[in-house]
Amino acid sequence: MIRNLIEALPASRIREVANAGIGRTDVLKFWFGEGDQVTPAFIRDAAKASLDAGQTFYNHNLGIAELRDELAAYANRLHVPARPVTADRIAVTSAGVHALALIDQALIAPGDRVAIVTPVWPNLTAMPRIMSAEVVRVPLDCRGGAWSLDLQRLLDAATPGTRMVLVNAPNNPTGWTMPRPDWVELLAHCRRHGIWLVSDDAYERIVFEPGLTINGHAPSVLDLVEDDDRYISANTFSKSWTMTGWRLGWMVAPPEFIAQVGKVIEFNTSCAPPFVQHAGLAAVRDGEPLVAATVARLRRSRDLLVDALATLPGVEVAPPPGAMYLFFRVAGFSDDSLAFAKRLVAEAGLGIAPGVAFGPEGEGFLRWCFAASDTLLLQGAERMRAFLKRALAA
């Protein structure tokens, strides 16, 4: 038999809703965290060229040298740290979620305390639990559809002896983005108590509010971090460069950590595929116009969908400052978001993720990924309107 802990982990409720729509071609699918745009040709061509060059062999556990150098240069361009990031602080991984799993494997021992801001993508709370950690959930507050964090609540949860604090901001599913002063105070707190601060930066480039954007990225403290700070940034090519299926990510961490995590990579995947890494190299080297276009497109999609949903009866929604999701609720349907999401699939042909998939703090909400065409978003909003009209008339 497998471990009791694994048996006790809930299966993905996002997948549960998606499974309810299997075989139906009429369902509009907004449940997963990816867009409907194919990876651009210049990235695909780099992978093809690598394959044509016969680059199909094992490579360094930490990634090919060219990509590690380029990722270090990217971090320096984006964050302009006083102490430049060097390649010995970079590890390439087989997806951003793989980076997060490696961090947990390298740092967490059974019984360690891990504080995580929630609601959040369920993998982030499940992975420390798999390592037998004690996961302390620190909930965001929601008022009028807008989300915020009581920083003191997080600092209180990060007690002396806490092993790790994990923050995903911009946040999946809420779009909440942590202000720079809060990041600075949190870093100082973690330094004082010897706590590892892990930043899940999957959406760091997808920020919509000018007052929050710093040099084209979300607020961060990577520019303040010293080589020996217990700080790790986990990142991915999936969102900003429309590369979800490529499964490529990286981390920025202390050199001593990177030297050791190479062993953990060896015992997981050995290395990321070289031709995928060459695709990533093209993305990070030549992809700034793509990132800018992606953010502009997502901002328009966000505003379009917010405007469409805000006119519907009982819908409470606010434009998120970052990421690519609306996390909203509908009056009269807040008791069981999983049942509501399944009902939308069955009766409206509308596929949206249930809020409870992101933890108990998300119960009563729905997550709608708005990385889709205007036509699909408006069709989806119309299906929601028609469903609510029927439901309220019943």
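Values in this document were obtained by computation on a predicted structure and should not be read as measured data.
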**Fill in**
Contacts of Ala357 meeting side chain to side chain contact (heavy atoms under 4.5 Å, CB included) (sequence neighbours excluded), chain-then-number -> Arg13, Ile14, Pro354
**Request:** Determine, for Glu16 against Lys342, whether the closest basic-nitrogen to carboxylate-oxygen distance falls under 4.0 angstrom.
**Result:** yes
**Message:** For Arg285, is there an ion pair with Glu70 - N to carboxylate O distance below 4.0 angstrom?
**Reply:** no
**Basic-acidic side-chain contact under 4.0 Å: Asp141, Arg153** = yes
**Message:** With a 4.0 Å cut-off on N to O distance, would you call Arg302 and Glu209 a salt bridge?
**Reply:** yes
**Item:** Verdict with supporting geometry, Trp147 and Phe365, ring pair (Phe, Tyr, Trp, His ring centres under 6.0 Å)
**Value:** CA-CA 12 Å; Trp147 295 81; Phe365 290 82; 5.1 Å; yes
**Message:** So, using ring pair (Phe, Tyr, Trp, His ring centres under 6.0 Å) as the criterion, who are the partners of Phe237 when residues are at least two apart?
**Reply:** Trp241, Trp250
**Request:** Taking atom CG of Asn215 as the centre, report whether more than 12 heavy atoms of other residues, nucleotides or ligands fall under 6.0 Å from it.
**Result:** yes
**Message:** Under a 3.5 Å cutoff, is there a donor and acceptor pairing between the side chains of Gln37 and Thr242?
**Reply:** no
**Asked** So, are Glu382 and Arg385 salt-bridged, with charged N and O less than 4.0 Å apart?
**Response** yes
**Request:** Describe, in one word, how the ring planes of Tyr203 and Tyr325 are oriented to each other, choosing from parallel (under 30°), tilted (30 to 60°) and perpendicular (over 60°).
**Result:** perpendicular
**Arg15 atom CZ, neighbour heavy-atom count above 12 within 6.0 Å** = no
**Message:** I'd like to know whether CZ of Arg180 has more than 12 heavy-atom contacts from other residues, nucleotides or ligands below 6.0 angstrom.
**Reply:** yes
**Message:** To the nearest 0.5 Å, what is the distance between CD on Gln152 and CG on Leu149?
**Reply:** 10.5 Å
**Message:** Measuring from atom NE2 of His189 to atom CG of Asp156, what distance do you get when rounded to the nearest 0.5 angstrom?
**Reply:** 8.0 Å
**Electrostatic pair Glu288-Arg205, nearest N-O below 4.0 angstrom** = yes
**Message:** Between Phe275 and Trp246 (judged by ring centroids, cut-off 6.0 Å), do the two rings come close enough to count as a pair?
**Reply:** no
**Message:** For Arg129, give me all partners under salt bridge (charged side-chain N to carboxylate O under 4.0 Å, His left out), at least two apart in sequence or on another chain.
**Reply:** none
**Prompt:** What do the steps show when you test Phe358 against Trp121 for ring pair (Phe, Tyr, Trp, His ring centres under 6.0 Å), and what is the final call?
**Reply:** CA-CA 5 Å; Phe358 305 91; Trp121 187 43; 9.1 Å; no
**Asked** Rounded to the nearest 0.5 Å, how far apart are CG of Asp88 and CZ of Arg68?
**Response** 7.5 Å
